Amino acid sequence: MIEFDGTQFLLHTEHTTYAMGLFQGLLLHLYWGRRLHRAPDASICTSFLSRPLSAKDLGDASSDNLPQEYATFGSADLRQPALDVRYQNGSTVTRLAYVDHTVTDGKPPLPGLPATYCEEGDGVQTLEIHLADETVGLDVYLSYTVFPTFDAIARSARIVNHGAAFELDAALSAMVDFHGLGECDLVHLDGAWARERAVTRNRIVPGTQGVESRYGASSAMHNPFLAICSANADERQGDVYGFSLVYSGCFTARVDLDPYNGARAAIGINPFHFRYLLESGESFTTPEAVLVYSADGFGGMSRCYHRLYRTRLCRGKYRDADRFVLLNNWEATYFSFNEDRIVEIAKKAAEIGVDTMVLDDGWFGKRNDGGSSLGDWVENREKLPGGLEALSDRIHALGLRFGLWFEPEMVNPVSNLYEAHPDWVLHVEGRPRSETRNQLILDLSRQEVCDYVIEAVSAVLRRVRIEYVKWDMNRYMSEVGSAKLPPERQGEVMHRYMLGLYHVFETLTTRFPHVLFEGCASGGGRFDPGILHYMPQIWTSDDTDAVERLDIQFGTSLVYPYSTMSAHVSATPNHQVGRTTPFQMRCDVALPGQFGFELDLNRCTDAELETARASIERYRALQCVFHEGDCYRLTGFRDDCAALAFVAPDGETAVVSLLTRKATPNAVDRYIRLDGLDERAVYRCEQDGVCYGGDFLMYRGLAYRCGKEHESRLLVFHRVADDAEKKGESRQ
Ligand code: GLA
């Protein structure tokens, strides 16, 4: 699957090939796309060697005209580099040449960083290509792990210094030089708080386009992902090239189209205000980028990411175990609750089949609003006179699990922790410390601060019976500085913070393997593959409105499987947008995700409770199809009809969710074509007993009319033996 013939590297997955070649010691990018049966001719490297005005740094040729694999800056190639280094003599010229390479079975972990992994039988191999700039004693090891059955390639780079100290100004995870790019679009996921991950698609035009985060978190504004696709690409067809970064901090994801139809796509840590000092003997490893090519449009790309991230990025007991149906009290009570009130909510939840009660913000210190106590992880005895133990006991006595909210990365200036350690926050001496939500960020680039966070959370998890933790993070970074690092290392703070955070996650999830951790950042402000390595689910958005959630979940599903999206039924009028939607729709929108509730069920009507109970039952029956099956988006982003299908791994069951996002009077007739079925098989619809051919469902589809606002239907299709048809059952 990884081949080398002396000049060319071929990396094959089941359906794709990625090719590189050597030209005068330079590592060039040759090809990425559908699987090739034979290596491209080496001359393709050199098709476009000379152009007017390019400086010649390769004899008669110029690296400026060649598609490179990991470009540096300072010589003839004047495009955006993947690696940019500043040396002590003031020079910024770096030139890398091929040294050697190794191919090994399996995949080594990335030290201190989240990454995909492989299991026995995956047939995974890793190619490491060693490049060097001997003049300055710099080595680069480019790593490519090929996941053949997942059709994915995971890339990262390690930079090692064997010479005098130098600074990294940019060290990206992956770049790809597309040559001769035709009409292509750039797709990314953008938004803001409560409207995260909207799909944005634009034609790629000359110049630089892309997204980035400067926020100290992957952010709600942009996601560490981009796709380049052919202009005709849709859910089912067309070339799509996906780049996804396994990182939770500042990132860049961009593409530069040059005047010769060459496009350089790159993804990695945002070079903006990044500066990393490497002393002699030190090394730096970039986060991992996961590259997926699909010839089957966005649907094909998403299913590759879904399978890989669900089973080879998420880890631990809850990767495969059924997760919890929980009720979270946040929108039910906000800060005003006490032990009895929580138990009253939990009782009703237990009656309808909920299995976990989660206590959100406000249980600790003197916290009755957002003004104080973050950092002081000791219960508020006014609200919880018997402490967390008494509450947990009462919840467990109802037959429920107990879950708890933390925001451990933060501190309020009004807190015991801040009084004791005012220098433990990110800050710059002599500058005001800007607050968001009255809070400052603990400096996780410092070991002792990480230790405090680990011990504070561990103390509660050891003392109290807790099976679930919601790990929140509610602000972006400002005045980024660390009291511990010397001036020349202040450009490292944001990345060192992420390394500290990952260390905290690794320690806690290893120490408490029975606890299901859920990520959160003011909703989906840090919904990225880095978090998923430690926490298999994330609170998708603070917007719980069913219509808004349709869009947010759709956009999120471009990269992330529904099994990672926490989705709750909340009260109406909705607290974020004031919209009233039917209870059934709210349940149906939440069902494919990690299903739960975020309201006081005591305020629901009997009919609503019955719908909730029935939905939980349905969820339990279909959970494995939603979370282990393949997902097909049957309609587009913000279509009036939102239709999704999930097909179980064994192909025996398909679930179709049909929702009217927006009704029209006297609406037109539509047919929603299913996908992922066996065209020769027969499927019986559980709801009306009608049998359909798989071919009919996929090539003609289900009739649907967007005539009634917020109507929702969930249809379950079971594959039946072909003789069922012969027995005279009706078939369409
Ligand atoms: C964030 C989370 C919410 C809730 C509040 C509590 O906004 O996204 O779900 O936990 O914090 O303060």
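Read the numbers this way: they start at 1 and go in the same order the structure lists the ligands and their atoms. This structure is a prediction, so every number in the text was calculated from the model and none was measured.
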Tabulation required: pairs of a nitrogen or oxygen in ligand 1 and a protein nitrogen or oxygen under 3.5 Å; columns are atom names and distance to 0.1 Å; otherwise 'none'.
| from | atom 1 | to | atom 2 | distance (Å) |
| --- | --- | --- | --- | --- |
| ligand 1 | 7 (O) | Asp542 | OD2 | 2.9 |
| ligand 1 | 8 (O) | Gly523 | N | 2.8 |
| ligand 1 | 8 (O) | Asp542 | OD1 | 2.6 |
| ligand 1 | 8 (O) | Asp542 | OD2 | 3.1 |
| ligand 1 | 9 (O) | Lys470 | NZ | 2.7 |
| ligand 1 | 9 (O) | Trp539 | NE1 | 3.4 |
| ligand 1 | 9 (O) | Asp542 | OD1 | 3.3 |
| ligand 1 | 10 (O) | Asp360 | OD1 | 2.6 |
| ligand 1 | 10 (O) | Asp360 | OD2 | 3.3 |
| ligand 1 | 10 (O) | Trp405 | NE1 | 3.1 |
| ligand 1 | 10 (O) | Lys470 | NZ | 3.0 |
| ligand 1 | 10 (O) | Asp472 | OD2 | 3.4 |
| ligand 1 | 11 (O) | Asp472 | OD2 | 2.9 |
| ligand 1 | 11 (O) | Asn474 | ND2 | 3.4 |
| ligand 1 | 12 (O) | Asp361 | OD2 | 2.7 |
| ligand 1 | 12 (O) | Arg437 | NH1 | 3.2 |
| ligand 1 | 12 (O) | Arg437 | NH2 | 2.9 |

For this session: Please report the C-alpha distance between Tyr468 and Phe324 in whole Å, then the side-chain angles of each, then the deciding distance to 0.1 Å, and finally whether the side-chain contact (heavy atoms from CB on, under 4.5 Å) criterion is met.
Result: CA-CA 9 Å; Tyr468 162 101; Phe324 310 160; 4.0 Å; yes
Exercise. His575 and Tyr334: aromatic ring centres closer than 6.0 Å?
Worked result: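 Yes, close enough.
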Exercise. Are Trp363 and Phe406 an aromatic pair by the rule of ring centers under 6.0 Å?
Worked result: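 Close enough - the centres of the two rings lie under 6.0 Å apart.
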For this session: Establish, yes or no, whether the cationic atom of Arg465 lies under 6.0 Å from the six-membered ring centre of Phe402 and within 45° of the ring axis.
Result: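 So Arg465 doesn't make the cation-pi contact.
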For this session: Look at Arg586 together with Asp545 and state whether they make a salt bridge at an N to O cut-off of under 4.0 Å.
Result: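 No, Arg586 and Asp545 are not salt-bridged.
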For this session: Using only heavy-atom distances, determine whether the side chains of Ser522 and Asn474 contain a donor-acceptor pair under 3.5 Å.
Result: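 Short answer, yes.
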